[in-house]
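Report on the following structure.
On a predicted model such as this, the values are computed, not experimentally measured, just so you know.
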Amino acid sequence: MPIPSNYVAPIRVSAKDHAFSHIQRWIIDGTLEPGEKLVDNQLAEALNVSRTPVREALQLLEVQGLVHMQPGKETRVTSLEKEDILKIYPTLATLHALAAEFASVHILPQHIEQLQEWNEKFAGAIAREQPFQAMEYDEQFHNLITDVADNPYLSKFHVSLQNHIRRFKYVFLKQPCEMNQASIHEHEDIILAIQTGDKEKLETSIKQNILRPMREIYALM
């Protein structure tokens, strides 16, 4: 039988991935609050899946540090500790600066175009007051630099830190639009520094983009 050439098969998501993505988002955006007890049969009912994929999703979320499981007892959303901000953000800033240094050797014009596109989408989400979407675009911006760096060890640590920082980042991106405008301009500075090969400016811009929100979030909490 003939199949249309423009047919695109729908993307199928496993029940585990479905549960994982939704529970993760609910934790990040505060729907499931720090310290809240998670009941797997209630989550399964809400997500229209069985309890098994929910349990598998919770195990993955524990690896990310978003939940704490006590086998046979209970699972709770981990608490947000204010002092963790001062531990995670400087580490991430150093990691991002190192990634940018590696990436600057491999960067191509199409990478610059993609960075500009992600920043435009980030700015649009900020203007529309869509903090979760803005957070994802910001991550895509920095993920691209990390990917171009072509260092699997660096990428592994980056993913781990990013998972821990997402709840703090969401708190920041929910603030009034004018507080987030600086991030847009910092992204522009990063792109320009990569284009011109200004390594000193690149390191400064990357760290500013991470550490400025750290100070503002710490003051908010």
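No side-chain donor from either of Q64 and R166 sits under 3.5 Å from a side-chain acceptor of the other. Between S183 and N180, the side chains place no donor N or O within less than 3.5 Å of an acceptor N or O (distance only, hydrogens not considered). Remark: the N48 side chain and the H18 side chain contain no N/O donor-acceptor pair separated by less than 3.5 Å.
Salt bridge E203/K207: present, at least one basic N to carboxylate O contact under 4.0 Å.
Residues V77 and E33 are not in side-chain contact: their nearest non-hydrogen atoms beyond the backbone lie 4.5 Å or more apart. Residues R76 and E36 fail the side-chain proximity criterion, which asks for heavy atoms closer than 4.5 Å. Between L92 and M214, the closest side-chain pair of non-hydrogen atoms is not below 4.5 Å. Counting heavy atoms from C-beta on, the side chains of R167 and T78 come closer than 4.5 Å. Side-chain atoms of I194 and L115, non-hydrogen and from C-beta on, do get closer than 4.5 Å to each other. In this structure the side chain of L173 reaches within 4.5 angstrom of the side chain of F122, judged on heavy atoms.
No continuous path of ILVMFWY side-chain contacts below 4.5 Å connects W26 to L80, so the two sit in separate hydrophobic clusters. Note on I28 and I217: same hydrophobic cluster, where clusters join Ile, Leu, Val, Met, Phe, Trp and Tyr whose side-chain heavy atoms are under 4.5 Å apart, directly or indirectly. One hydrophobic cluster holds both I88 and L86 under the rule that ILVMFWY side chains link at heavy-atom gaps under 4.5 Å. Linking Ile, Leu, Val, Met, Phe, Trp and Tyr residues whenever their side-chain heavy atoms come within less than 4.5 Å places L66 and V54 in a single cluster. One hydrophobic cluster, built from ILVMFWY side chains closer than 4.5 Å, cannot hold both Y170 and I23; they sit in different ones.
Residues L211 and P90 come closest through the heavy atom pair CD2-CA, 3.8 Å. A pairwise comparison of heavy atoms in A149 and A99 identifies CB-O, 3.4 Å as the closest pair. Minimum interatomic distance between A97 and I206 (heavy atoms only, all atoms of both residues): N-CG2, 3.5 Å. Between L144 and H111 the shortest heavy-atom distance is CD2-O, 3.7 Å. When all heavy atoms of P34 and S79 are compared, the pair lying nearest together is CB-CA, 3.9 Å. Closest approach of I184 to N119, counting heavy atoms only: O-ND2, 3.2 Å.
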From CA spacing to verdict: salt bridge (Lys or Arg N to Asp or Glu O under 4.0 Å), R212, E216
CA-CA 6 Å; R212 178 188 51 78; E216 296 182 8; 3.5 Å; yes
From CA spacing to verdict: side-chain contact (heavy atoms from CB on, under 4.5 Å), H22, R25:
CA-CA 5 Å; H22 280 75; R25 177 163 183 161; 5.9 Å; no
Is there a side-chain contact (heavy atoms from CB on, under 4.5 Å) between Q140 and K121 once you walk through the steps?
CA-CA 10 Å; Q140 292 289 354; K121 290 182 176 180; over 6 Å; no
Using the side-chain hydrogen bond (donor to acceptor under 3.5 Å, both in side chains) rule, take Q133 and R128 through it: C-alpha gap first, then chi angles, then the decisive distance, then the call.
CA-CA 10 Å; Q133 191 71 66; R128 293 189 300 272; over 6 Å; no
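Once rounded to the nearest 0.5 Å, the distance linking CD of Q195 with CD1 of I112 reads 4.5 Å. Note that the CE atom of M135 and the CD1 atom of I165 stand 11.0 Å from one another [nearest 0.5 Å]. Taking CG from N209 and CG from D138, the interatomic distance works out to 6.5 Å, rounded to the nearest 0.5 Å. Note that CD1 of I145 is 9.0 Å distant from NE2 of H158, once rounded to the nearest 0.5 Å. Rounded to the nearest 0.5 Å, atoms OH (Y89) and CZ (F168) are 7.5 Å apart. In this structure, the separation between CG on N151 and CD on E101 is 11.0 Å, given to the nearest 0.5 Å.
At distances below 3.5 Å, not a single donor-acceptor pair connects side-chain atoms of E56 with backbone N or O atoms of K16.
More than 12 heavy-atom neighbours from other residues, nucleotides or ligands sit within 6.0 angstrom of CD on Q110. Atom NZ of K82 is surrounded by more than 12 heavy atoms from other residues, nucleotides or ligands within 6.0 Å. Atom CD of E45 sits in a sparse spot, with 12 or fewer heavy atoms from other residues, nucleotides or ligands closer than 6.0 Å.
Classification of the H142-H96 ring pair by plane angle, with boundaries at 30° and 60°, yields parallel. Between F141 and H187, the ring-plane angle classifies as parallel under the 30° and 60° cut-offs.
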